[in-house]
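Residues take their numbers from the sequence shown, with the count starting at 1.
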Amino acid sequence: MFEQKKLNIFTLSVHTALKPCPATLYEHIVSVALRHKSLTHTTEKLKGLKMTLANLKLTAAKKPTQISAVVQRRNRLVMRLREQIKLAKAEQNGTAYLPTKLRSVTDTETGIRKQVALPKRLKSWAFVTENGKLCVNVRYGARILELAKGKTAIEVATAKELVTTFETICAAVTADELDAAIDAASNQLRSGFTK
């Protein structure tokens with residue numbers, strides 16, 4: 001009876017917390033489960049849990065406590081590019097992409113502050129030129145990034161290629177190819193606040 005309770009506690013903790021258990025604890029659970037023929041289903045689940053953990057690549061990596069300014073800017077631009085990808089996919093499917101953001105609002109009747117999800121204003125970076133060509137600007141805040149000397153736009157053949165174009169730009173940002181342009185735009189934004 002004691003072993004049955006022990007097994008139930010261990011299996012509950014393993015299944016609910018989804019935390020890997022030490023090998024000795026795992027072997028003990030399996031040995032107790034094997035002694036009870038009615039618990040073969042639980043044993044199979046535990047064996048499956050161990051196999052899935054064995055298939056993962058485990059490392060001793062630690063989460064950084066501070067992120068450099070360059071990486072923060074890069075991550076911010078990647079988030080905006082992902083929003084543009086979702087917007088382009090929604091336009092291709094004929095649906096609307098309506099992201100929301102949480103805002104803290106004070107209720108006028110009770111005076112209590114609460115979090116409310118409000119629609120977020122999102123503008124497409126794609127535009128049509130005077131010649132009728134479809135182009136894309138890459139924006140960092142209110143600034144348009146200069147992608148090459150004197151070039152600020154990317155020409156896209158059709159609207160169906162917008163998603164792949166944004167994904168390519170996103171890959172370029174994560175590969176450090178636009179760091180100089182992001183830094184220049186960030187410095188321009190910062191200089192606007194110091195005047």
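With rounding to the nearest 0.5 angstrom, the CG atom of Leu81 is 11.5 Å from the OG1 atom of Thr165. Gln84 CD to Phe166 CZ: the interatomic distance, rounded to the nearest 0.5 Å, is 4.5 Å. Note: Asn187 CG to Arg143 CZ = 11.0 Å, rounded to the nearest 0.5 Å. Atom CD of residue Gln72 and atom OG of residue Ser186 lie 10.0 Å apart, to the nearest 0.5 angstrom. The distance from the OG1 atom of Thr164 to the CD1 atom of Ile85 is 9.5 Å, given to the nearest 0.5 Å. Rounding to the nearest 0.5 Å gives a distance of 8.0 Å between CZ of Arg76 and CE of Met79.
Between Asp179 and Arg73 there is no salt bridge, since no side-chain nitrogen of the basic residue lies less than 4.0 Å from a carboxylate oxygen of the acidic one.
Smallest separation of non-hydrogen atoms from Cys170 and Val78: SG-CG1, 3.7 Å. The two residues Ala181 and Glu146 make their nearest non-hydrogen contact at CB-O, 3.4 Å. Listed here is the closest heavy atom pair of Ala90 and Ala96: CB-C, 4.1 Å. In terms of heavy-atom proximity, Thr158 sits nearest to Val156 at O-CG1, 3.1 Å. Minimum interatomic distance between Leu145 and Ala185 (heavy atoms only, all atoms of both residues): CD2-CB, 3.5 Å. For the pair Lys160 and Gln92, the tightest heavy-atom approach, listed with the atom from each and the gap, is O-NE2, 3.1 Å.
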Stepwise side chain to side chain contact (heavy atoms under 4.5 Å, CB included) check, Leu87 with Leu162:
CA-CA 10 Å; Leu87 183 64; Leu162 276 175; over 6 Å; no
Val70 and Asp183: CA distance, side-chain angles, deciding distance, side chain to side chain contact (heavy atoms under 4.5 Å, CB included) verdict:
CA-CA 8 Å; Val70 175; Asp183 190 43; over 6 Å; no
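With a 4.5 Å cut-off on side-chain heavy atoms, Leu77 and Ile169 do not count as touching. The closest side-chain heavy-atom distance from Lys120 to Glu83 is below 4.5 Å. Inter-residue side-chain proximity for Tyr97 and Glu91 is flagged as unmet; no heavy-atom pair is nearer than 4.5 Å.
A continuous path of hydrophobic side-chain contacts links Val128 to Val136 [ILVMFWY only; heavy atoms under 4.5 Å]. Ile154 is connected to Leu134 through a chain of hydrophobic side-chain contacts under 4.5 Å among Ile, Leu, Val, Met, Phe, Trp and Tyr, so both are in one cluster.
By the 6.0 Å contact criterion, CD on Gln115 is enclosed, its count of non-hydrogen atoms from other residues, nucleotides or ligands being greater than 12.
Counting only N and O atoms by type, the side chains of Tyr140 and Arg80 include no donor and acceptor under 3.5 Å apart.
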